[in-house]
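Right, one structure below, let's go through it.
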Amino acid sequence: MDVSSQEKIREHAARDIAHRWFAYFEGENKIVDRQLEILSDDIKVLHASSYLLVDGKESAAKWAANIPEEVDSHFIKEFNYNPLGEDVAEVKMKIAYQVIQPDNRMGGAIIHYQTLVTFDENNSALFKFVNKTPVEPNPNKGFADSYQENRIYSLIYRWIYLLETFNS
């Protein structure tokens with residue numbers, strides 16, 4: 001497989017886990033083990049480059065299990081994939097986040113995500129590092145649900161990945 005074909009496959013794998021990441025936060029009946037499937041054993045999650053939220057998979061399990069139930073949405077507005085080495089890539093995303101607060105006011109932010117994604121011998125992707133930094137308030141005050149969109153895009157990118165990696 002040539003390098004450009006491999007990177008195309010890996011980008012699809014990275015897009016799949018990005019949409020799975022956000023769908024987890026939006027869905028009901030969160031299954032922590034399903035979220036852990038897209039994280040490396042040595043995962044680190046930071047908030048605004050300052051607050052360590054997760055340090056390792058066990059820490060990730062506790063963090064993911066304690067995410068408050070909210071009505072929120074995450075739309076991926078920009079997705080930039082950049083291969084860094086043999087089995088790692090940087091993915092930067094611009095996310096439009098919204099949340100309906102307990103008093104029914106609309107909150108939210110534009111959040112920049114900087115991530116490192118690792119790949120195994122089958123080009124499957126895992127998050128190794130996630131840094132999420134709110135940069136400005138989300139100007140959109142009309143709530144839009146993104147759960148179904150994130151689940152559908154995850155499925156589409158997973159399907160494309162499987163088609164591209166199929167070897168009869």
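Just so it is clear, the values below take in all heavy atoms, side chains as well, and ignore hydrogens, waters and symmetry mates.
When the salt bridge (Lys or Arg N to Asp or Glu O under 4.0 Å) test is applied to R20, the partners found at least two apart in sequence or on another chain are E37. Considering only residues two or more places apart in sequence or on other chains, R151 meets the salt bridge (Lys or Arg N to Asp or Glu O under 4.0 Å) condition with none of them. Remark: Q98 pairs with S73 by the side chain to side chain donor-acceptor pair (under 3.5 Å) rule, at least two apart or across chains. The side chain to side chain contact (heavy atoms under 4.5 Å, CB included) search around I100 returns V71, N104, M106, F143, not counting sequence neighbours. Every residue was checked against the ring-ring contact (aromatic ring centres under 6.0 Å, His included) condition with Y24, not counting sequence neighbours, and none meets it. Residues satisfying the side chain to side chain contact (heavy atoms under 4.5 Å, CB included) criterion with Q101, sequence neighbours excluded, are V99, D103, R105. Partners of E136 under the salt bridge (Lys or Arg N to Asp or Glu O under 4.0 Å) rule, at least two apart in sequence or in another chain, do not exist in this structure. Partners of H112 by side chain to side chain donor-acceptor pair (under 3.5 Å), not counting sequence neighbours: none found. A65 is linked by a side chain to side chain contact (heavy atoms under 4.5 Å, CB included) to V32, counting only residues two or more places apart in sequence or in another chain.
By the criterion of side-chain heavy atoms lying less than 4.5 angstrom apart, applied directly or through intervening Ile, Leu, Val, Met, Phe, Trp or Tyr residues, I17 is grouped together with W63 in one hydrophobic cluster. Clustering ILVMFWY residues whenever any of their side-chain heavy atoms sit less than 4.5 angstrom apart, transitively, puts F129 in the very cluster that holds V88. Under the 4.5 Å side-chain contact rule for hydrophobic residues, I76 and I38 share a cluster. Placement of L52 and V130 in two distinct hydrophobic clusters is found when ILVMFWY residues are connected by side-chain heavy-atom separations under 4.5 Å, directly or transitively. When hydrophobic clusters are built by joining Ile, Leu, Val, Met, Phe, Trp and Tyr residues whose side-chain heavy atoms come closer than 4.5 Å, directly or via intermediates, Y97 is grouped together with F25.
Of the possible polar contacts, one joining the T115 side chain to the V91 backbone as a donor-acceptor pair under 3.5 Å is found.
If you take NE2 on H12 and OG1 on T165, they are separated by 11.5 Å, rounding to the nearest 0.5 Å. Taken from CD in E11 to CG in N80, the straight-line distance is 9.0 Å, to the nearest 0.5 Å. The line from NZ of K77 to CD1 of I110 is 8.0 Å long, rounded to the nearest 0.5 Å. Summarising the geometry, atom CD1 belonging to I67 is positioned 8.5 Å from atom CD belonging to Q35; distances are rounded to the nearest 0.5 Å. Between I9 atom CD1 and L162 atom CG the span is 10.5 Å, to the nearest 0.5 Å. Summarising the geometry, atom CD1 belonging to I111 is positioned 9.0 Å from atom CG belonging to N138; distances are rounded to the nearest 0.5 Å.
Using a 4.5 Å cut-off on side-chain heavy atoms (C-beta onward), I95 and K132 make no contact. When side chains are defined from C-beta on, L36 counts as touching L39, because their heavy atoms get closer than 4.5 Å. Within the 4.5 Å cutoff, the side chain of W21 has no heavy atoms near those of the H74 side chain. When side chains are defined from C-beta on, D16 does not count as touching Y161, because their heavy atoms never get closer than 4.5 Å.
The shortest heavy-atom contact between A89 and P83 is CB-CA, 3.9 Å. The two residues R158 and S124 come nearest to each other via the heavy atoms NH1-OG, 4.4 Å. Nearest heavy-atom pair across D145 and F75 is O-CZ, 3.5 Å.
For I31, the CD1 atom counts as loosely surrounded, since its 6.0 Å shell holds 12 or fewer non-hydrogen atoms of other residues, nucleotides or ligands. Around atom OH of Y153, no more than 12 heavy atoms belonging to other residues, nucleotides or ligands sit under 6.0 Å away.
Among residues at least two apart or in separate chains, salt bridge (charged side-chain N to carboxylate O under 4.0 Å, His left out) pairs with a member in residues 59-75 are K30-E69, E58-K62. The side chain to side chain donor-acceptor pair (under 3.5 Å) analysis of residues 81-94, with sequence neighbours excluded, yields the pairs E7-Y81, R10-D87, E90-Q114.
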If you look only at distance, which donor and acceptor atoms sit under 3.5 Å apart when one is on a side chain in residues 40-49 and the other is two or more places apart or in another chain?
from : atom 1 : to   : atom 2 : distance (Å)
S40  : OG     : D42  : OD1    : 2.8
S40  : OG     : I43  : N      : 3.4
S40  : OG     : F127 : O      : 3.3
D42  : OD1    : K128 : NZ     : 3.4
D42  : OD2    : K128 : NZ     : 2.4
K44  : NZ     : D55  : OD1    : 2.4
S49  : OG     : N131 : ND2    : 2.7

> Going through the checks in order, is the ring pair (Phe, Tyr, Trp, His ring centres under 6.0 Å) test met by F22 and Y113?
Replying inline: CA-CA 12 Å; F22 295 116; Y113 273 71; 5.1 Å; yes

